[in-house]
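Encoded as structure tokens, the structure appears first; notes follow it.
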Amino acid sequence: AALSRRYVLCEVVSEDPRCRQCIEDRAVGFAVRDAIGRVHGDYGLACCSISFTVKYLNAYTGTVLLRCRKDSYRLLCSALPFVRQLESRNQRYPCFLNTLHVGGTIRTCQKFLIQYNRRQLLMLLQNCTNEEERRCIQKSLLSCSLTEEQSQSGDEEDDDGTE
């Protein structure tokens with residue numbers, strides 16, 4: 001049966017610099033499922049868990065891409081503000097998930113992320129204090145593009161991947 005999906009692009013925001021090291025699939029997945037269970041109970045958790053997965057994450061930038069069924073993405077999104085911490089090796093790191101974009105394909109989320117990173121870099125560029133900083137940021141800006149190898153498509157190209 002064809003199944004529509006939604007991809008939710010988030011960023012992990014934390015004051016604690018040590019939080020970066022615990023951004024891993026398992027920790028993020030557990031924190032999100034825990035929040036869904038607290039907010040929507042067993043029923044909501046069951047609805048969201050059917051196709052829920054952490055599709056991509058980048059611990060360096062704190063970017064996380066979650067996948068869920070189209071009919072349960074509102075349950076998922078409404079629970080994300082209740083993620084308060086990530087847990088790794090019995091350590092808890094306070095943080096929250098900032099939802100950046102909800103898309104029907106991974107590719108639309110990639111495109112959004114490129115534009116988002118561009119805007120962030122432009123804001124940094126305006127606040128540059130020296131020429132060296134300025135050159136580094138301009139170089140980063142030029143590298144904000146979607147290359148073909150990055151976008152090789154598996155199940156993300158079409159909305160209706162089969163399961």
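Heavy atoms only: backbone and side chains are in, while hydrogens, waters and symmetry mates are out.
- Going from atom CG of Leu57 over to atom CD of Glu11 covers 14.0 Å, rounded to the nearest 0.5 Å.
- Closest of all the heavy-atom pairs between Arg38 and Phe82 is NH2-O, 2.8 Å.
- Judged purely by atom type and a 3.5 angstrom limit, Ser49 has no side-chain atom pairing as donor or acceptor with the backbone of Ala46.
- Contact annotation: the side chain of Leu100 never approaches that of Cys10 to less than 4.5 Å [non-hydrogen atoms, C-beta and beyond].
- In this structure, Val13 shares a hydrophobic cluster with Phe96, the cluster being traced through Ile, Leu, Val, Met, Phe, Trp and Tyr side chains under 4.5 angstrom apart.
- Put simply, the side chain of Glu24 does not reach to within 4.5 Å of the side chain of Val28, judged on heavy atoms.
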Start with the C-alpha gap between Tyr7 and Leu66, add the side-chain angles, then the distance that decides, and say whether side-chain contact (heavy atoms from CB on, under 4.5 Å) holds.
CA-CA 6 Å; Tyr7 295 89; Leu66 307 172; over 6 Å; no
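- A donor-acceptor contact shorter than 3.5 Å links the side chain of Arg84 to the backbone of Pro81.
- Rounding to the nearest 0.5 angstrom, the gap separating the CG atom in Leu76 from the CZ atom in Arg69 is 13.0 Å.
- Counting heavy-atom neighbours within 6.0 Å of Phe30 CZ, excluding the residue itself, gives a total of 12 or less.
- The number of heavy atoms from other shown groups lying within 6.0 Å of CZ (Arg135) is above 12.
- Formation of a donor-acceptor pair under 3.5 Å by the Ser72 side chain with backbone atoms of Leu75 is not found in this model.
- Taking OH from Tyr43 and CD1 from Ile36, the interatomic distance works out to 13.5 Å, rounded to the nearest 0.5 Å.
- The SG atom of Cys47 sits 13.5 Å away from atom CZ of Arg74, with the distance rounded to the nearest 0.5 Å.
- Checked by atom type and distance alone, the side chain of Ser14 pairs as donor or acceptor with a backbone atom of Asp16 at under 3.5 Å.
- The heavy-atom pair separating Gln85 from Ala31 by the smallest distance is O-CB, 3.6 Å.
- Val83 and Ala35 get closest at one heavy-atom pair: CG2-CB, 3.8 Å.
- No donor-acceptor pair closer than 3.5 Å links the side chain of Arg5 to the backbone N or O of Arg67.
- The CD1 atom of Ile114 lies 11.5 Å from the SG atom of Cys109; values are rounded to the nearest 0.5 Å.
- Within 6.0 Å of CG in Asn130 there are more than 12 heavy atoms belonging to other residues, nucleotides or ligands.
- Residues Tyr56 and Ile106 are not in side-chain contact: their nearest non-hydrogen atoms beyond the backbone lie 4.5 Å or more apart.
- Between Cys19 and Cys95 there is a side-chain heavy-atom pair separated by less than 4.5 Å.
- A 4.5 Å side-chain heavy-atom check between Val12 and Asn98 finds every atom pair outside the cut-off.
- Checked by atom type, the side-chain pair Tyr93/Glu87 shows no donor-acceptor distance below 3.5 Å.
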Just do the side-chain contact (heavy atoms from CB on, under 4.5 Å) check on Leu45 and Arg33 with the steps written out, would you?
CA-CA 7 Å; Leu45 187 57; Arg33 281 188 183 92; 4.0 Å; yes
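- You'll find the side chain of Val54 stays beyond 4.5 Å of the side chain of Leu65, heavy atoms only.
- Rounding to the nearest 0.5 Å gives a distance of 5.5 Å between OG1 of Thr63 and CG of Asn58.
- Under the 4.5 Å side-chain criterion, counting only non-hydrogen atoms from C-beta, Val102 is not in contact with Leu9.
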